[in-house]
Amino acid sequence: MIDGYDFAEVEARWQQRWAEWGTYEVDADDPRPPYYVLCMYPYPSGPAHQGHVRNYTLGDVLVRYRTMQGNAVLSPFGFDSFGLPAENAAIKGGAHPREHTEARIAELKSSVQRLGAVYDWRRELRSHDPEYMRWNQVIFTRLLDAGLAYRAEAPVNWCPGCQTVLANEQVLADGTCERSGDVVERRQLEQWFYRITRYADELLDALDGLDWPERVKTMQRNWIGRSSGARIALDVVDESGDAITAADGTPLRIEVYTTRPDTGFGMTYVVLAPENPLVRACTTPEHAGGVSELASRVAGESEVERLSTEGPLDKRGAATGSFCVNPFTGAPVPVYVADYVLADYGTGAIMAVPAEDARDFEFARAYGLPIVRTVQPPEDFAGGAYAGEGRKINSGFLDGLDVAAAKERAISWLEESGAGQRSVQYRLRDWLISRQRYWGCPIPVVYCPADGIVAVPDDQLPVLLPDDVEFLPTGESPLRSHAGFLHATCPRCGGPATRETDTMDTFVDSSWYFLRFCDPWDASAPVDDAAARHFMPVDRYIGGITHAILHLLYARFFTRALGDVGLAPTEIREPFAQLFTQGMIRLGGRAMSKSRGNVISPNEYFASVGADALRLYHLFVGPPVDDIDWTEQTDEIIDGCSRFLRRVWHVATAADGAEMADVVGATPEDPAGDASHATRWASGSAPDELALRRVTHQTIARVTAALERYSFNTAVADCMKLTNAIGAARRAGVAAPAVEDATDALVKLLAPFAPHIAAEAWERRRGGHVHGEPWPLADPTLLAEENVTMVIQVDGKLRDRVEVDAGIGEDEAIAAALSSPRVLELLGGSAPARVVVRPPRLVNVVR
RNA sequence: GCCCGGAUGGCGGAAUGGCAGACGCGGCGGCCUCAAAAGCCGCUGUCCGAAAGGGCGUGCGGGUUCGAGUCCCGCUCCGGGCACCA
C-alpha cells in the first residue's frame, strides 16, 4: 500500500482480468496484422529470479506496446522441461523427474504471472508433454527417412559427470562440459546424429540478412568455420621410391586438405592424424613401435591435454617410415603421425609447409625437417613461419604471383593434372543428439535382428518414458535396465527387437517449439502450415547471449530441415527475424543463476513495492543489452521507482489544479508551489499551456522512438520528466485541459512499462482499458519549439546564450551573437575572422 | 595471438559532430513536524573566487574540424568470442 494505492490488490485484480478477458489471446484469423514476440522458453528451475524478471519484462513491454500499436500480438509461453537437473534430483532420491519438473514449472509460472507479464496461456507448451514428444518423434522419423538423421560411429565427447555423450556445441573452449564443468573425454562410439552440416552453407550465408546482434552472427560464422582450398591425393612410396599398395592391391594414397595449395612447393613432409585409418598401411615394421606408442598415448588423452601447447613437440609425433610424392616437385617427402592433426577435420591428414605454417614450423624444427619458403617475407620479418602476403618464390610456375593468384593457379594445375581438386571444409560437425539419460524424449527406433534399424511407426507414437525405472548413473540410459521398455516387437517383421534406450538432447525440443506455438492444438502434424505462415517468423526474439551458438544455430537448422521434409512451409527458412540479447544480472561479480545459488527472488519485491516498481527498475537501470550488477544500491533505486509511481498515481488521480496543490509541491507560504522552479522542465519558457502540450508531444515522440530501439531506460526517464512537468504545470496553475491531456498521455506511455498502475489509473480517469487504447500519436506541429536557446561560442567555447525565435535566419543569428556584451568584450573591438552560424542552435565567433 | 565490445560525476547511466553529465540513486540544505519518519522544494563534476565570472574536465598520446564524449591514427586497461580446424 502506498498512499492510497494498494498495489497488491490492484495488481492481483488486473492480472485476473487480463486472464479472464483473454486480452492477449490471439488467433490466426485475427484481422489485425500479426506480430510475434517471444522470450526463449525457460528451463523450469524453480521460482523466477531477477534474470527471468528482466527477460519477461522486456518481452512484455513489447507485447503491450505492439498491441496498443494495433497488432495482434502472439505471445506464447512454455517450458523447456526435459533435462539433467530433474534427473539428478531423482538420483539423489528426492522425487521422480516428472514430479520434480512439474513442481518447478508451477513455481516459475506463478512468479511469471505475478510479474504481470501477459501470455496466451492456451498455447502453453511443455517439452515433456506426451503430445509434444509425439511430434518430436515424428520429426525424428521423417528426418531419418530423408537422411537428415543417421546413426554412425564417430569420436564423440563423453562427460563423466553427466554420464552421457555431448554435442560439440556443449563442450566449452577449455574442454569442459557446459553443464557439469567436468573435463570431457573423447570416446569412439556409435551414436545418433542430425545432419546439420548439409545446411552449413545456407546457415552461413543467410546470417548476412538477419537483424541480429553482430557478435552473435560472428560467433555463428566462426562456429560454422567455412574455409576453401584444395584436396590433394598423394602417392605413398617406400624409401626406395616404389609405390606402396593398399590391402586391396590398389596404390596407396593419402588425401590431404589445405587452404594454401599455393604453398605446395614448400611441402616437406606429410602428417597423418593418429586415428587416420591409413596409419597402419603407411607404417613400416621398423617404425611400428613408435607409431603405436604415440597412438595409444593420444587415445588416452583428454581433449584438453591433446590441445595443450605445453610440452616438447618431439614427444608428439612419430615417423612412419614411408613417403609421399610431392606432386609439385616430384620429390618424396616423409610421412609422420602427429597429434596436432585432427582426425575429424578435413581428411585427417595434412601436407606440412613449415615455412608458412606456425605449427608445421615448430614440428619441423623439432624433427629436423627441411623448411622451404614459398612466399617472400617482408624485409623486417623476424623469422619463423610467415603466413602473410608476398610474392611466390621457389615455386616453379607460381613464382612471382601474389598469394591469392597463386592459390587459384595451383588449384587449376591440380585439377588439370588430376592430383587434386578445389574443396571447401567446415569446422561445423553434425549434431550428436543421443543422450544416455532418462529425462528426455526417447529416440523412436527399434533394433531388429532381421530388419536392422526400424523407425517406430506414427501410430505407435509417442514412445513414452516408463515411470518405474531405477535411477543409477551407470553410463547407460536407465531405460536399458527396464525390461518392459527395452524389449519390443519389430514393426516390420513382428519378431523380437530391442528398443533404442537413448533419449534426445534437450536442444532438440527447443529447436521447433516456436513453430508449434503457432498452432499447438494441431492433432495431425507438428506444425500447422497455415498458422506458421501467418505468424512466422518471430518478429522479436528475446533471450540471453549464452544461446548464441547452441540453440540459435540448431533452431535455424531445424526450421530449414522441417521445411525440406514437408513438415513446415519450405519458404520459412529463418525462424527469428530479429534477435535481442539481453544482458545478464550479476551478483557478486558472477551471473545470477540457480546453479550458482546466488539468486535474488522477486517475491520480496512483489510484496514490498509491487510488480510495477520492480519492472520499472529493470527497465530504468540501464540499457537492456548491458549486464547489470545487483548491488547495495539496487534497493534504493527500486525504492526510487516506487516513489515515481506514487507521484504518477497522485498526478493521475488528483481531480483538479487546486486539489493537486495538496499533493505536490505545496507549502503554506506558497500554496500553489514555487512556480519559479517550474522552469526546469522547459528551459527559460514559462510553464504555460502551450509549453506543457509541447512537452507532452515531445515525450510521446521520444518514448515511441525509444521503444523501437530498445532504449527502455531513456523511455522511462522521459516519462519521469513528463510527470515532473505535469506537477510543475499544476502548481503554476496551467489550465485543466492541457494538464488532463498530458496526464492521459503519460498513463498511456506508461502502460507497457507499469501495466497495473496504468490500467487502474486509466480506468479511474476515463473508464475502460488502457491497454486497449491506441498508442498516442505525437502532433508534429507541437514538436518544434517556438523559442529556443541559441548558444553563442567564441573560438568554440561557450560564452553566452540568447533566447531566439526558432525560425531565426542566419543574418539575425549573427547579429544577435555580435551584439552580445560578452562577445563584444572578448572581441575587444576587432572584427571576427569568421562566423560559423547554425540557426537556431548555435553561432560560433572565430577570432 | 586474432576478432569484436567497452571506458563519461560518489554510483547506475544520458547526449543526429554543436550548451557534457538528461533521468534516477546517494549526499547537502530548506519546508512541514513538539520531534522523527514520510512527503514536498532546492542545490550537488572539479579547482580558483565573496560574487560576477573564469580555469580544467568524457581512460592515455596525437590528428581532422570553427567546434570532438562522438570522426581518424597510435596506445593502456577491462569484458566477451575464437584459437593446433591445416
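Computed from a predicted structure; not experimentally measured. Chain letters run A, B, ... following the sequence lines, proteins first and then strands; every chain starts at 1.
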Using a distance-only test with no angle check, is there a side-chain donor-acceptor pair under 3.5 angstrom linking T374(A) and Y386(A)? no
Could you encode protein contacts along nucleotides 61-73 of chain B as a string, one character per nucleotide from 5' to 3', using B for base contact, S for sugar-phosphate-only contact and - for no contact, with a heavy-atom cut-off of under 4.0 Å? -----BS------
For C41(B), does OP1 or OP2 lie under 4.0 Å from any side-chain N or O of R731(A)? yes
Does R586(A) have a side-chain nitrogen or oxygen under 4.0 Å from the phosphate oxygens OP1 or OP2 of G79(B)? no
Please tell me if R643(A) has a side-chain N or O lying less than 4.0 Å from either OP1 or OP2 of C25(B). yes
Please check this pair: side chain of D430(A) against backbone of T197(A), looking for a donor-acceptor N/O pair closer than 3.5 Å. yes
Would you indicate which nucleotide in C82(B), A15(B), A86(B) comes nearest to any side-chain atom of T714(A)? A15(B)
Is atom CZ of R429(A) surrounded by more than 12 heavy atoms (other residues, nucleotides or ligands) closer than 6.0 Å? yes
Students often get this wrong, so: under 4.0 angstrom with heavy atoms, is T259(A) touching a base, only sugar-phosphate, or nothing? sugar-phosphate
Taking only side-chain nitrogens and oxygens of N724(A), does any of them come within less than 4.0 Å of OP1 or OP2 of G24(B)? yes
Checking base pairs now: Watson-Crick or wobble, both atom distances under 3.5 Å. What partners C28(B)? G42(B)
Given that G225(A) and R841(A) both sit by RNA chain B, which one's nearest nucleotide is further toward the 5' end? R841(A)
Between the base of C19(B) and the side chain of R801(A), is one N or O donor paired with an acceptor at under 3.5 angstrom? yes
How far does the P atom of U64(B) sit from the matching atom of C73(B), given to the nearest Å? 15 Å
Quick check on G12(B): is either OP1 or OP2 less than 4.0 Å from any side-chain nitrogen or oxygen of N713(A)? no
Could you tell me how far U8(B) sits from G59(B) if I compare only their P atoms? Round to whole Å. 6 Å
Is any side-chain N of the basic residue among D639(A) and R646(A) closer than 4.0 Å to the acidic one's carboxylate O? no
For A86(B) and Y340(A) - does any side-chain N or O of the residue sit under 4.0 Å from the phosphate oxygens OP1/OP2? no
State whether a side-chain donor-acceptor pair under 3.5 Å links T714(A) with S711(A). yes
Using a cut-off of 4.0 Å on non-hydrogen atoms, how would the nucleic acid contact of G640(A) be classed: base, sugar-phosphate, or nothing? sugar-phosphate
Would you indicate what R847(A) reaches in the nucleic acid, counting non-hydrogen atoms under 4.0 angstrom: base, sugar-phosphate, or nothing? nothing
If we take the C1' atom in both U65(B) and G69(B), what is their distance in whole Å? 16 Å
Complement of A68(B), any strand, by Watson-Crick or G-U distances under 3.5 angstrom: none
Under 4.0 angstrom between R647(A) side-chain N/O and C40(B) OP1 or OP2: yes
Measure centre to centre between the rings of Y367(A) and Y269(A), then say whether the value is under 6.0 Å. no
Residue closer to the 5' end of RNA chain B, I628(A) versus K797(A) (nearest nucleotide): I628(A)
Give the nucleotide from the list G54(B), A86(B), A22(B) with an atom nearest to the side chain of S227(A). A86(B)
May I ask you to check whether W630(A) and Y617(A) place their ring centers less than 6.0 Å from one another? yes
So which nucleotide does C2(B) pair with, by the Watson-Crick or G-U wobble rule with both distances under 3.5 Å? G81(B)
Given G12(B), is OP1 or OP2 found less than 4.0 Å from the side-chain N or O atoms of T631(A)? no
For atom C1', what is the distance between U76(B) and C25(B), given to the nearest Å? 31 Å
Closest listed nucleotide, where the reference is the side chain of D357(A) and the choices are G55(B), C25(B), A86(B): A86(B)
Touch check for T634(A), heavy atoms < 4.0 angstrom, all strands: base, sugar-phosphate only, or nothing? nothing
With sequence neighbours left out, the residues meeting salt bridge (charged side-chain N to carboxylate O under 4.0 Å, His left out) with D626(A) are none
Applying the 3.5 Å cut-off to both distances, the Watson-Crick or G-U partner of C75(B) turns out to be G59(B)
If C23(B) has a Watson-Crick or G-U wobble mate with both distances under 3.5 Å, name it; if not, just say none. G12(B)
